[in-house]
Amino acid sequence: PPGALPPAMPPPARRRLPSAARLPPRTFRSYLPRSHRTYSCVHCRAHLARHEELISKSFQGSHGRAYLFNSVVNVGCGPAEQRLLLTGLHSVADIFCQSCKTTLGWKYEQAFESSQKYKEGKFIIEMSHMVKENGWD
């Protein structure tokens with residue numbers, strides 16, 4: 001009849017999304033401001049450090065060149081162990097990306113030589129695990 005509503009249509013069949021598509025979007029503990037030059041994990045793009053936290057580019061990691069940072073974000077820390085490094089005996093703890101679990105470098109827990117004490121509490125991240133983001137042109 002005129003003015004009658006059309007018959008209700010059944011809802012479309014729901015497709016099952018692959019399990020990866022049903023996961024929530026990846027979030028990180030900390031996001032660094034977009035206005036700052038940052039270093040991120042090359043594997044998952046989690047923010048790691050602001051350029052302002054960089055202390056030195058003259059370090060050697062286990063697998064190549066590395067940078068020394070005053071502070072980092074989105075990293076976990078393993079147990080401390082003593083290692084004989086190029087600059088002497090140190091107590092260090094491996095650090096890993098909280099998002100993708102890649103080992104990035106280490107944290108200096110304790111330096112046993114007085115000339116190396118400045119490294120205590122600082123972080124080494126190997127260049128092969130970092131990418132520069134936000135305004136490096």
Side-chain angles (χ1 to χ4, degrees):
L5 295 174
M9 297 286 293
R14 294 189 69 140
R15 288 184 334 183
R16 286 284 289 165
L17 294 173
S19 61
R22 286 184 271 139
L23 295 175
R26 188 174 290 194
T27 56
F28 309 122
R29 283 188 179 173
S30 298
Y31 287 90
L32 297 173
R34 289 186 152 270
S35 60
H36 291 93
R37 293 184 294 171
T38 59
Y39 296 93
S40 298
C41 176
V42 73
H43 309 285
C44 71
R45 292 299 202 264
H47 292 170
L48 297 175
R50 293 184 322 127
H51 181 65
E52 291 77 12
E53 296 297 323
L54 178 65
I55 297 170
S56 175
K57 296 180 179 180
S58 302
F59 276 73
Q60 186 68 29
S62 301
H63 302 101
R65 290 188 53 210
Y67 288 0
L68 180 69
F69 290 94
N70 192 46
S71 67
V72 296
V73 297
N74 298 317
V75 300
C77 206
E81 62 183 38
Q82 289 186 4
R83 289 188 198 154
L84 185 58
L85 303 175
L86 294 174
T87 54
L89 185 64
H90 295 79
S91 176
V92 298
D94 285 338
I95 59 171
F96 58 90
C97 176
Q98 284 282 39
S99 178
C100 68
K101 309 302 182 206
T102 300
T103 300
L104 303 169
W106 61 82
K107 177 182 180 183
Y108 286 101
E109 298 288 350
Q110 184 179 6
F112 296 102
E113 296 180 24
S114 58
S115 65
Q116 302 300 307
K117 291 285 187 188
Y118 75 96
K119 296 177 185 174
E120 291 181 349
K122 308 297 190 282
F123 300 85
I124 286 286
I125 299 180
E126 295 185 1
M127 288 184 62
S128 61
H129 298 297
M130 290 187 297
V131 63
K132 295 176 179 180
E133 294 188 319
N134 296 337
W136 286 91
D137 297 335

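When the side chains of ILVMFWY residues are joined at heavy-atom separations under 4.5 Å, either directly or via intervening members, I55 and V92 end up in a single hydrophobic cluster. Under the 4.5 Å side-chain heavy-atom criterion for ILVMFWY residues, no single connected hydrophobic cluster contains both Y118 and L54. The hydrophobic clustering, which links ILVMFWY residues whose side-chain heavy atoms are closer than 4.5 Å, places L104 and F123 together.
Heavy atoms only, all atoms of each residue included: H47 and N74 are closest at O-ND2, 2.8 Å. Residues V72 and A49 approach most closely at CG1-CB, 4.3 Å, considering heavy atoms. The two residues V131 and C41 come nearest to each other via the heavy atoms CG1-O, 4.2 Å. Closest approach of L68 and K122 over heavy atoms only: CD1-CB, 3.6 Å. For the pair H90 and A111, the tightest heavy-atom approach, listed with the atom from each and the gap, is CD2-CB, 3.8 Å. Nearest heavy atom pair, residue R37 against residue E52, reads O-OE1, 4.4 Å.
L84 belongs to a hydrophobic cluster whose other members, connected by ILVMFWY side-chain contacts under 4.5 Å either directly or through intermediates, are L89, F112. F96 belongs to no multi-residue hydrophobic cluster, having no ILVMFWY side-chain contact under 4.5 Å with any other such residue.
Residue pairs meeting the salt bridge (charged side-chain N to carboxylate O under 4.0 Å, His left out) criterion with at least one partner in residues 70-80, sequence neighbours excluded, are absent. Within the structure, salt bridge (charged side-chain N to carboxylate O under 4.0 Å, His left out) pairs that include any residue of residues 59-74 do not occur (at least two apart or interchain). Residue pairs satisfying the salt bridge (charged side-chain N to carboxylate O under 4.0 Å, His left out) criterion with at least one member in residues 96-118, sequence neighbours excluded, are listed as follows: K117-E120. Sorted by first then second residue, the ring pair (Phe, Tyr, Trp, His ring centres under 6.0 Å) pairs that include residues 54-79, not counting sequence neighbours, are Y39-Y67, Y39-F69.
Residues satisfying the side chain to side chain donor-acceptor pair (under 3.5 Å) test with S71, not counting sequence neighbours, are E53. Partners of S62 by side-chain contact (heavy atoms from CB on, under 4.5 Å), not counting sequence neighbours, listed by chain and number: W106, E126. Every residue two or more places apart in sequence or in another chain that forms a side chain to side chain donor-acceptor pair (under 3.5 Å) with R83 is listed here: E81, D94.
A 4.5 Å side-chain heavy-atom check between I95 and I125 finds at least one atom pair inside the cut-off. Between T87 and K119 there is a side-chain heavy-atom pair separated by less than 4.5 Å.
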### Query
Please walk me through it: do K57 and M127 pass side chain to side chain contact (heavy atoms under 4.5 Å, CB included)?
CA-CA 9 Å; K57 296 180 179 180; M127 288 184 62; over 6 Å; no
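We find the CG-CD distance between L85 and Q116 to be 9.0 Å, quoted to the nearest 0.5 Å. Rounding to the nearest 0.5 Å places SG of C44 at 12.0 Å from NE2 of H129. Between atom OG1 of residue T38 and atom CE of residue M130 there is a gap of 11.0 Å, rounded to the nearest 0.5 Å.
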